[in-house]
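As structure tokens, the structure follows; a few thoughts come after it.
The shown structure was predicted, so the numbers you read here are calculated from the model rather than taken from an experiment. Every number for a ligand or one of its atoms is a count from 1 in the order of the listing.
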Amino acid sequence: MTIGDEPAGEYDAVIIGAGFSGLYMLYRLRELGLRCLVYEAGSGVGGAWFWNRYPGARCDSESHFYCYSFSDELLQEWTWSQRFPEQREILSYLDFVADKFELRSDIQLDTRVTSSIYDDASRRWTVETDRGGTVATRYVISAVGGLSAANLPDIPGLDDFEGRWYHTGRWPHEGVDLGGQRVGVIGTGSTGTQLIPVVAEQAAHLTVFQRTPNFSMPARNRPLDPETVAGIKATYDEIWRRAKASPGGMPLPAPIQSFDEVDEAEARRRYEAAWEHGGVLVLQQFNDLMTNPESNEFAASFFREKIASTVHDPDVARRLMPTSYPIAAKRPVLDTNYYETFNRANVELVDVKATPISCITPHGLRVGEHEYELDILIFATGFDAVSGAFAAIDIRGREGARLVDKWSDGPTAYLGLAIAGFPNLFTINGPCNPALLTNVPVSIEHDVEWIAGCIEHLEREHIATIEPTEQAEQQWVQHVADAVDGTLFLEADSWWLGANIEGKPRRFMLYVGGHDDFRRRCTEVAEQGYEGFLTVR
Ligand code: NAP
């Protein structure tokens, strides 16, 4: 679709977002013969990978399973170049998918959905956009992404800053020349940890403003040689079978032993071996990491020892060591040379927990009484996760009920896929879903296929609307809360808990029960005639 052809009229389905989720949803709904329209705010497809173009942006899942599994042809045609794919390569992949399956003709780019309102009488949704377009549709599928609403902290003085500033999630397409510049980075989560080593190499001076240190482990990225690629392509069936049967959506061995089952020397040997191997396996050593404080502290101490042995200045090393929360209670991070970067002469670490940022000045950032002069300020401050992108759209369900009101105590959804009171609205990777704790494309494929299966059922049975019952939704929400209750996940101020956004209700927004368990439950619900759902013919 080209700009200027403003869509109008009736559709069977409107999909909001053209990232991993939206592209595949379109593909599946077209197969059902539905007339579909995808709205995408960006000027290209790709979602998270379209927007997050900051230096060093890369995925923490290995490339050969951070992709779609649905098409054998696609799996054989596409070749990944590195163990952990760069943003650019993932975006090229999604562009390739959009072209291969001829998806673009149903995608309206540069168009942000502003409202989606259900009409009880006609059983249609009216979807409006910031370009003035209005369409009617029977189904709305949210593919907005759980990490798409950028969080720009409200630090006084930003408007007066005379340098340039950027949020990593809105990085300029033309890139930013950091050469010779004094750069400040706020934030040391997954994004900051990837960004900081690359910025340090380019900038004249880098000041890192750290509020909470993160636990990071080496990615040990490397190019994929032709033999490895051939091995992967020959065994894809097995790779996906294992990924879909695993808690994390990854074809990696899940831990089967608890920390108590081995002695400390053996535990250390396992951590050392995994550390050398690199990647997320480091935290896959024991099955009680998030339930046994002793197991968790052993892993945390191991990480702190690694920091101490890497960072030359003991005081800087100490400040980089997380001590205030259990390991993996915030999203753990993969890095390339993160801790080593703090040995560089042009890098300075400022602890803004001990002395908070007071304001942004015309020439930099003031922390307590000290002013740090900066030419460029980078916010690696994350996202208003899960609910943020929904809050940006005026969504109203039956009898005009607003989604923001329903979610005033935190976002909830039955299976993370549908919401009581909002007929024929589906949410890929919605709240109370495990997706953002897993290898996301595997979870996305599951959700898309479940939603497509549900819509196929509705079409075949001539059912006009479907929505969860309040009771089924509440039971699922309770199950999600029970699953996380008593675990160490609740002991950190993470975005999983909404704790990174001031005023956001503190509620664990994701399902920790695992992808495998979730998949099983969703299958059962469908097989039992969409148990927990209310349908109207
Ligand atoms: P994040 O994990 O929320 O980290 C934001 C950072 O900014 C934190 O260090 C936070 O400190 C800091 N911060 C926020 N407001 C601040 C303020 N007012 N003053 C000082 N510091 C402030 O965000 P993210 O790093 O963008 O990552 C978000 C998620 O995106 C990740 O957890 C991951 O799921 C995904 N992601 C994945 C990859 C990958 O696969 N490699 C890469 C990037 C992102 P506190 O901790 O004290 O709040």
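Remark: R164 is not positioned above the aromatic ring of F161, lacking an NZ or CZ atom under 6.0 angstrom from the ring centre and at most 45 degrees off the axis.
Looking at R507 and D409, no side-chain N of the basic residue comes within less than 4.0 Å of a carboxylate O on the acidic one, giving no salt bridge. A salt bridge is absent between R112 and E40; no separation between the charged side-chain nitrogens and carboxylate oxygens falls under 4.0 Å. With respect to the salt-bridge test (charged N to carboxylate O, under 4.0 angstrom), the residues E272 and K306 qualify.
Between Y338 and N214, the side chains place no donor N or O within less than 3.5 Å of an acceptor N or O (distance only, hydrogens not considered).
Protein residues lining ligand 1, listed by chain and number: Y54, R58, C59, D60, L147, P153, I186, G187, T188, G189, S190, T191, Q194, R211, T212, K330, R331, A380, T381, G382, F383, W495 [non-hydrogen atoms, distance under 4.0 Å].
Ring centroids of Y54 and Y166 are separated by 6.0 Å or more, keeping the two rings apart.
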